[in-house]
Structure formats: C-alpha cells, structure tokens
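Below: the structure, in structure tokens.
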Amino acid sequence: MLHLHNTLSRKKEAFKPLVPGKVSMYVCGITIYDLCHVGHARLLVAFDVLFRHLQASDYDVTYVRNITDIDDKIINRAAENGESINDLTERYIEAMHQDEASLLLLSPTHEPRATNTIERMHSLIKTLIDKGMAYPADNGDVYYAVSSFPEYGKLSGRKVEDLRAGERVAVDNSKRDPLDFVLWKASKADEPAWDSDWGPGRPGWHIECSAMAMELLGEEIDIHGGGADLQFPHHENEIAQTEAVTGKSFARYWMHNGLVQVDDEKMSKSLHNFFTVREVLKSYSGEELRFFLMSGHYRSPLNYSHSQLDNARASLRRLYTALRGVGADASRSVSSEHVERFQTAMDDDLNTPVALSVLFELATEVNREGGAESKRGLKLANTLLQLGARLGILQADADSVLQGSVDESGLDAAKIEALIQERVEARNNKDWARSDEIRDELTADGVILEDKDGKTSWRRG
RNA sequence: GGCUGAAUGGCAGAGUGGCUAUGCACCGGAUUGCAAAUCCGUUUACCUCGGUUCGACUCCGGGUUCAGCCUCCA
C-alpha cells in the first residue's frame, strides 16, 4: 500500500486516488528563460520516480508537467538578448528536452505551455471577479483578494495575520491589501499582450498553473507536486484561486521535493551558485547525475558536490559490474523476496535510498554466486536489472558503460584489445615484466584490466 | 521576528523503543604470478540537557546549530 507524505497534513498518508486505478498528477515545471540546473533536475527526477512507481503499481497515470513560457523574466531575458520571446523559449525548451533525455526521464503525458491556455486563465479570472474574490485595479492589473478566501494559508501553515506582521512586500497602491497577488498584468506598449476584459495584458504566474491543471485534469486532482520553494506563495495561491472557483478541494496530495544546495545554501539563479545540467554532463553521465539525485530521500535537502557525483559513479560501477554479460529478457524469473522489499521501500513515500540498498544487496548476491552464469545468479542479476528499470537506471549495456567512450587522450577499444592480446601472450610465456609493462601503460591511459578465469577484461577507471 | 523542517560513524545516507541498513573510504584475510574485480571479516555513530521506560539514537519537553519559506525561484 503506497503512502505519500502530504504537505497539507505534514504526514504520510495512505494513497487513495479519486478514481480507483487512476491517478492524475500535476507538477509545476520550469519557467523557461535559461538552461536547467541541478535543482531543476532534482524536481524532474523526483517526480519521474513517482510517475514510474505509480505505473509499476498498475495505476493508469496522467502526468502533466507544464512549461511556463510567459513571465517577466522571460520578457526581460529576451530583451537583453535582443531576440524574440518565441525564439528564446523555443531554444531553451529544446535544450530542456535534451537534458531530460540525458537524465533518462519518461515523457509526461502532457506538457502544456502557459501561452496555449490563456483562454482558460481568462475565464477563471472572470469567475473570480464575478464571485467578488478578485478585482481589477486602476492600473489595469487584476488582483486576487486574499481576505476573501478564509482558508488562505492552509498549505504553508501560515496565518494571514502573521503574513501581514512579517510584511516585506513593497507597498503597491493599486492593491487593496498588500497580500493580494496579481492574476492579470496589464502590458506596457512593447510587451506581449493578450486581449482581455480588462485591457491587453498577460497572466500572472499563479493562475497559469491553476488553468493548465484544470484544463487537462479537471477540477480535482490526485497529486500536485513541485519544489519546496513553491509551497508559498505559489501553491497557496493556486489553492486559493482554484478552490474559490470550484468550491472543491483542488489536490488531494501535495508533494514537495527538497532543494539542492551548494555549500549548504540553496542552489538558485539569483545566488549564482548553480551548475547547469549540461555543465555536469561534461564530467558525468546523465545516469550518474540521476543516481546522485535519487541517493537521498526526495524531501531532504541534497548538497551538490563533485565528491557526491564521484560516489554515484562508484556505486553505479558496482551495480553494472554485477550485470556484465546479462542482457534484458523480461521472460526470466525474478527474486520475489527482493522485489517485495523494493516495493515496500518505494511504497513508503518513495524511499529510494532503501530501494537502492536492495539493488546493492542483489549485486552482492550475484557476485557471491560467481556471476550470472549459474541459474540462481542469473535470476538475481535479472532482478537487479528489472528493479533498476523501475528507477530508470541500469538499462544500458554493462560493458559499454564500464568501458565508456573514447576521450581525446584515450585509446580506442581496438588498440586496447590489441595490447591485451599481446599481454595474454606474454603471460602465457610467464613474461611478467612485459605483462606488467603493458598493464602499467594502459593504467596510465585510464584503462583498468581485470584477469578472471584466464580471460582478461577491461574498463575505464 | 513568524512559519516549516533537519541534526546519525571519515564522507554520503536510511532506519528502529532492546537485534547488521546500504554505498564509498579505511584495516585484516581469501583469491591473483603481482594487481584489479570479487568474496569473507573488522573498526568508526546516533547535537545537548532533562523526562517517560526494565531499557531511548528511536517517544516527550527545554536548549543549541543549520536549512527552506515569509520577494522571483524546482
């Protein structure tokens, strides 16, 4: 039985979807004005893991992850670059899709863009005004009246009075209440604009997600996810908008992933301490980055460092070593004991560290069996492979991963094989000096040899 | 200041009211011509002060430190 931590209750709750067997899930995606960084990658991987686990648990999942493609930052960045907004967003959406592929993500069911859902936003705002919960201001903006929604603060555990007391929002004379937030923003002459009852403008960020979620998933959804930093005000505002319109509970389970930190500080654009995904991919594989992101629980903060990535590399190397020579074959049997333990860990609010520990134990047992040659060894290795698939890892050919690709200075496989052959002959003649000379040469080029049962295999270190 | 949450061995990171997490690193052994890989074994923990309990790292309370949010942010 799956249990998920619900931010609304701050507890793990048994997961019961609205419609048995089906799950609707909405995740706040990226505002696309730059390359994705490791913090974004964590969000993507965390909810990809959830998506996979729900599917493996036989749910019919509709997964929506939006793209915010209209926003002040996008407008500003396009202006800075001297390019059109469309060119900018298309470019970065393309880059994001490449990063997602590197991270071995499954495609969400829908990936809506804010600019394609303007009509729905417009009608939501209209309804809010009609209900007296929003108002157009004299500057052309439309604001949500926070005081009209008694439950405001229920997600983030804040009280409206406390928010007022700790007021840090710059005074804006157009707002009736400093806590009110913008639903529709009047556009200046040179800014992109859509027609509306309140003049040309563009939507506020919060209403975009309400609209896209409702458009594709309806008025009530099962799971709503996002980064922990979106809990307030973004998700609080989504609740206020959506529930004010529908009179129904918007999302049953609110899930938030912990943030990636650098030197114990949040990784973010504004702090300039971020590493982009493609920067990391220069030194590490997407699978290694993915493994690193799954090595801690999704709700905990995760400190980014190279030694952590090195650790992920070593861990994957160990798992892949146990999978050498094992091809995918879905018809083979699996060790149900291990599958159960894996499932139990994942059912416990996606406990990937424990799930991964099951994979390591499988690797140890495969090795103990002397590899995948024996019947039992093969079954265990196959289990490792299948469970790896559930986490989106270990699906590449083990030898290819371990032998890597040729870097500029390195030797290609043919050259390595030739040297190994020469060494085999030397060893047959007990010419240890020559044998070691060749091995040292290869070691210097980052190639590590392993002699086993009279055969020599190699990998890159 | 307010609201969340966290403090575990050299590093990372789970978990439990009494019993091995797991990975990396270290040390000893096996294996190997020597290595590597692999296996076996060992060492190193639960921020602090009180309380509850036969027994607490695990529950409760105080303290300290740290992070996130309170403004755009995954």
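Here is the naming used below: chain letters follow the sequence lines, and residue numbers restart at 1 for every chain.
- Within 4.0 Å (heavy atoms only), Lys266(A) reaches at least one base atom of the nucleic acid.
- Closest approach to the Glu265(A) side chain among A74(B), G5(B), G68(B) is made by G68(B) (side chain taken as heavy atoms from C-beta onward).
- For Ala314(A), taking side-chain heavy atoms from C-beta onward, the closest of the listed nucleotides U4(B), C72(B), C24(B) is C24(B).
- Taking atom C1' in both A14(B) and A21(B), one finds a spacing of 6 Å when rounded to whole Å.
- Mapping Asp229(A) and Arg423(A) onto RNA chain B by nearest heavy atom places Arg423(A) at the nucleotide closer to the 5' end.
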*Just do the side chain to side chain donor-acceptor pair (under 3.5 Å) check on Tyr33(A) and Asn76(A) with the steps written out, would you?*
CA-CA 9 Å; Tyr33(A) 65 99; Asn76(A) 294 340; over 6 Å; no
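- In this structure, the nucleotide among G13(B), G5(B), C24(B) sitting nearest to the side chain of Gln308(A) is G13(B).
- For the pair Arg65(A) and Phe47(A), the cation-pi criterion (under 6.0 Å, within 45° of the ring axis) is not fulfilled.
- If you take atom C1' in G55(B) and the same atom in G51(B), they sit 15 Å apart, rounded to whole Å.
- Among the atoms of the strands shown, only primed sugar atoms or phosphate atoms (P, OP1, OP2) are found under 4.0 Å from some heavy atom of Leu230(A).
- The phosphate of C39(B) has OP1 or OP2 within less than 4.0 Å of a side-chain N or O from Arg318(A).
- For Arg439(A) and A35(B), a side-chain-to-base donor-acceptor distance below 3.5 Å is present, hydrogens and geometry of angles not being considered.
- Listed nucleotides G15(B), C72(B), A74(B) differ in distance to Pro233(A); the shortest reach to its side chain belongs to C72(B).
- One interatomic measurement links the two molecules: NE2 of His306(A) to C1' of A25(B), which rounds to 20 Å at whole-angstrom precision.
- Evaluated for a side chain to side chain contact (heavy atoms under 4.5 Å, CB included) with Glu288(A), the options Asp310(A), Leu316(A), Asn311(A) yield exactly one hit, Leu316(A).
- Checking A14(B), G33(B), U22(B) against the side-chain heavy atoms of Ser357(A) singles out U22(B) as nearest.
- Contact annotation: Thr31(A) reaches the phosphate of A74(B) (side-chain N/O to OP1 or OP2, under 4.0 Å).
- When heavy atoms are screened at a 4.0 angstrom cut-off, Gly157(A) is found touching the sugar-phosphate backbone but no base atom.
- The same atom, C1', is picked in U71(B) and in G15(B); the two are 38 Å apart, to the nearest Å.
- An OP1 or OP2 oxygen of U22(B) is reached within less than 4.0 angstrom by no side-chain nitrogen or oxygen of Thr352(A).
- In this structure, Trp254(A) and Phe250(A) have perpendicular ring planes: the angle between them is above 60°, well past the 30° mark.
- Side-chain rings of Tyr253(A) and His224(A) stay apart, their centers remaining 6.0 Å or farther from each other.
- Residue Asn303(A) has no polar side-chain atom (N or O) positioned under 4.0 Å from OP1 or OP2 of A12(B).
- When the C1' atom is compared between A6(B) and U58(B), the two are found 16 Å apart, to the nearest whole Å.
- Closest approach to the Asn351(A) side chain among C69(B), A14(B), A67(B) is made by A14(B) (side chain taken as heavy atoms from C-beta onward).
- Look at CE on Met346(A): it is 16 Å from C1' on U22(B), rounded to the nearest Å.
- Taking 4.0 angstrom as the limit, Arg459(A) places a side-chain polar atom (N or O) nearer than this to OP1 or OP2 of A37(B).
- Across the strands present, C19(B) finds no partner; the criterion is a Watson-Crick or G-U wobble pair with both atom distances under 3.5 angstrom.
- With a cut-off of 3.5 Å on both pairing distances, the Watson-Crick or G-U wobble partner of G28(B) is C40(B).
- Within the nucleic acid shown, Gly29(A) comes within 4.0 Å of sugar-phosphate atoms alone, with no base atom in reach, counting heavy atoms only.
- Contacts of Val27(A) with the nucleic acid, taken as non-hydrogen atoms under 4.0 Å apart, are absent.
- When the C1' atom of U38(B) is taken as reference, atom CG of Leu449(A) falls 16 Å away, rounded to whole Å.
- Separating the CZ atom of Phe360(A) from the C1' atom of U22(B) is a distance of 7 Å, rounded to the nearest angstrom.
- Counting only heavy atoms from C-beta on, Lys73(A) has its side chain closest to C72(B) among C72(B), A12(B), A74(B).
- Of the side-chain N and O atoms in Arg299(A), none sit less than 4.0 angstrom from OP1 or OP2 of G5(B).
- The gap from the C1' atom of G63(B) to that of G23(B) amounts to 35 Å, rounded to the nearest Å.
- In Asp263(A), the CG atom is not crowded: 12 or fewer heavy atoms of neighbouring residues, nucleotides or ligands sit closer than 6.0 Å.
- Counting any heavy atom pair closer than 4.0 Å across all strands shown, Thr443(A) reaches no nucleic acid atom.
- Within 4.0 Å (heavy atoms only), Arg368(A) reaches sugar-phosphate atoms of the nucleic acid but no base atom.
- Each of C70(B), C11(B), A21(B) was ranked by its minimum atom distance to the side chain of Pro353(A); first place goes to A21(B).
- Heavy atoms of Asn257(A) sit under 4.0 angstrom from at least one base atom.
- As rounded to whole Å, 13 Å separates atom C1' of A67(B) from atom CG of Leu302(A).
- When both distances must be under 3.5 Å, the Watson-Crick or G-U wobble mate of G1(B) is C70(B).
- Glu236(A) contributes no side-chain N or O that, together with a main-chain N or O of Pro233(A), makes up a donor-acceptor pair within less than 3.5 Å.
- One atom, CG of Leu380(A), and another, C1' of C39(B), lie 15 Å apart when rounded to the nearest Å.
- Closest to the His40(A) side chain, of the nucleotides C3(B), A74(B), A14(B), is A74(B).
- Note on ring orientation: taking the six-membered ring where Trp is involved, the planes of His37(A) and Phe274(A) are tilted (angle from 30° to 60°).
- Protein atom CD1 of Ile70(A) is 17 Å distant from nucleotide atom P of C72(B), rounded to whole Å.
- At the heavy-atom level, His297(A) lies under 4.0 Å from the strands shown only through sugar-phosphate atoms.
- For the pair Thr364(A) and Ser315(A), both in contact range of RNA chain B, the more 5′-proximal nearest nucleotide belongs to Ser315(A).
- C46(B) and U8(B) are spaced 11 Å apart, taking the P atom of each and rounding to whole Å.
- Between Phe15(A) and His3(A), a ring centre-to-centre spacing not shorter than 6.0 Å is recorded.
- With both ends at atom C1', the span from G18(B) to C57(B) equals 12 Å, rounded to whole Å.
- Computed from coordinates, the Trp458(A) CH2 to A36(B) P distance equals 20 Å when rounded to whole Å.
- The side chain of Asn311(A) lies closest to C11(B) when the candidates are C11(B), C69(B), C34(B).
- A74(B) sits 23 Å from A12(B) when the C1' atoms are compared, rounded to a whole Å.
- For the OP1/OP2 pair of A74(B) and a distance below 4.0 Å, the side-chain nitrogens and oxygens of Lys269(A) include no atom meeting the criterion.
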